[in-house]
Amino acid sequence: MEGKPLAGQRALVTGASKGIGNAIACAYASAGASVVVNYRSSREEAEQMKADINKSGGEALAVKADISTIEGCEKLFRSVEQEWGGVDIVVANAGIQRDAAFMEMSAEDWHRVIDVNLTGQFICAQGAVRCFRRCKHDPEISAARGKVIFTSSVHQKIPWPGHVNYAAAKGGLKLLMETMALELAHEKIRVNAIAPGAIQTDINEDVWSDEEGRKKMLQLIPYGRIGEPEDIAKAAVWLASDESDYVVGTTLFVDGGMTLYPSFRDAG
Ligand code: BGC
């Protein structure tokens, strides 16, 4: 996209210290947004992020808060409001994997992934909407009063043996997003999701860094390459901008065709 499609907007991206979140935060800064960097304990990481954002041409604010709790999340949004008067874009992106075969999966790993990938997104999105409602909306800056973007996954749709906690969380996220979108659209709050396919980040490094694993991964991607965090960041800029103002309650799959049943290409 040309120019600064997010000029004057204020964005919060969770899980922005690395991978997809980091690329989104930097792309938002290059697109003209001011970006909030949230951290729990590692001030150093947040300072690094701030520096990355400044390098991408944006303004950044580092705020310490534990956003896995409603109170921590509220504290974060209140601090941003105090500094910047509100927020226009919230990307609920933080996510983890704790993999095991169904019968070997511990209750702890089940809960951990549901807590971060589904409940964490719920808490963050609820905090975002509270903040949108409290703050003044300037339609010159953003047509919508506020935008929430969830980072989902192709596994909101593709069953994933060995990762039942992750697939269940992402499947839940799909209907969390759609239900929220339907409840809030009349307030001019736009809720959508991006579903990345195989993107080369730390989360799947064990697969793409291994020759055999990489080959198998590529067989699942009709477009013939593993994705980069920037592929997702570009979609996230569009989805946050007024260019997508009529897009409500949609999941944008950015997956090189992974959800097209690639095993059917030469069969069926
Ligand atoms: C997972 C990755 C995986 C990709 C495609 C993502 O949601 O986090 O580990 O490579 O889906 O299967």
Side-chain angles (χ1 to χ4, degrees), residues 13-25 27 68 91-102 104-106 108-122 124-125 148-178 192-236 239 250-265:
V13 183
T14 71
S17 62
K18 49 190 182 169
I20 289 174
N22 191 276
I24 294 176
S68 66
V91 184
N93 165 76
I96 56 166
Q97 280 183 221
R98 295 282 183 278
D99 310 328
F102 177 68
E104 266 93 68
M105 185 166 288
S106 65
E108 196 191 339
D109 280 350
W110 169 267
H111 284 301
R112 186 83 194 109
V113 169
I114 299 289
D115 280 355
V116 175
N117 295 12
L118 184 58
T119 311
Q121 310 277 47
F122 160 75
C124 173
V148 175
I149 299 171
F150 292 104
T151 301
S152 182
S153 162
V154 288
H155 299 295
Q156 74 167 41
K157 184 169 167 178
I158 306 176
W160 204 16
H163 311 260
V164 69
N165 46 3
Y166 188 89
K170 298 297 184 179
L173 191 55
K174 174 185 187 282
L175 275 168
L176 162 61
M177 181 280 284
E178 290 174 2
N192 290 288
I194 297 178
I199 307 300
Q200 189 159 318
T201 65
D202 288 359
I203 211 169
N204 50 10
E205 187 175 359
D206 55 330
V207 185
W208 56 257
S209 61
D210 167 74
E211 200 182 324
E212 195 52 31
R214 195 179 180 85
K215 230 164 88 190
K216 279 194 176 157
M217 194 179 241
L218 280 166
Q219 276 167 10
L220 298 172
I221 310 170
Y223 203 56
R225 71 169 170 89
I226 296 171
E228 300 291 335
E230 289 68 30
D231 291 312
I232 306 303
K234 285 176 202 161
L239 212 42
T250 288
T251 300
L252 177 56
F253 285 84
V254 183
D255 66 353
M258 190 177 242
T259 37
L260 297 175
Y261 300 96
S263 54
F264 269 75
R265 188 169 47 194

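Residue numbers run from 1 in the order of the sequence given. Model, not experiment: these values are computed from the prediction. For ligands, and for the atoms within them, numbers begin at 1 and follow the listed sequence.
With Asn93 contributing its side chain and Thr151 its backbone, the two residues share no donor-acceptor pair below 3.5 Å. Side chain of Asn22 to backbone of Ala16: a donor-acceptor contact under 3.5 angstrom is found.
Taking OG1 of Thr251 as the reference point, atom CG of Leu239 lies at 9.5 Å (rounded to 0.5 Å).
Looking at every heavy atom in both residues, Ala235 comes nearest to Val254 through CB-CG2, 3.9 Å. When all heavy atoms of Pro196 and Ile20 are compared, the pair lying nearest together is CG-CD1, 4.0 Å. Considering every non-hydrogen atom in both Met217 and Ile226, the closest pair reads SD-CD1, 3.7 Å.
Protein heavy atom nearest atom 5 (C) of ligand 1, with residue, atom name and distance: His155 NE2, 3.5 Å. Counting only heavy atoms of the protein, atom 9 (O) of ligand 1 lies nearest to Gln97 OE1, 2.6 Å. Here the protein heavy atom with the shortest distance to atom 6 (C) of ligand 1 is Tyr166 OH, 3.6 Å. Scanning the protein for heavy atoms near atom 10 (O) of ligand 1, the closest one is Asn204 ND2, 3.2 Å.
Annotation for ligand 1: atoms under 4.0 Å from non-hydrogen atoms of Met217 are 10 (O). If you number the atoms of ligand 1 from 1 as listed, the ones under 4.0 Å from a heavy atom of Ser153 come out as 6 (C), 7 (O), 11 (O). Remark: ligand 1 atoms within the under-4.0 Å shell around heavy atoms of Gly197 are 4 (C), 5 (C), 11 (O). Near Met258, meaning under 4.0 Å from any of its heavy atoms, are these atoms of ligand 1: 5 (C).
A salt bridge links Glu178 with Lys174: the closest approach of a Lys/Arg side-chain nitrogen to an acidic carboxylate oxygen falls below 4.0 angstrom.
No N or O atom of Trp160 sits closer than 3.5 Å to an N or O atom of ligand 1.
Of the heavy atoms in Lys170, none comes closer than 4.0 Å to ligand 1.
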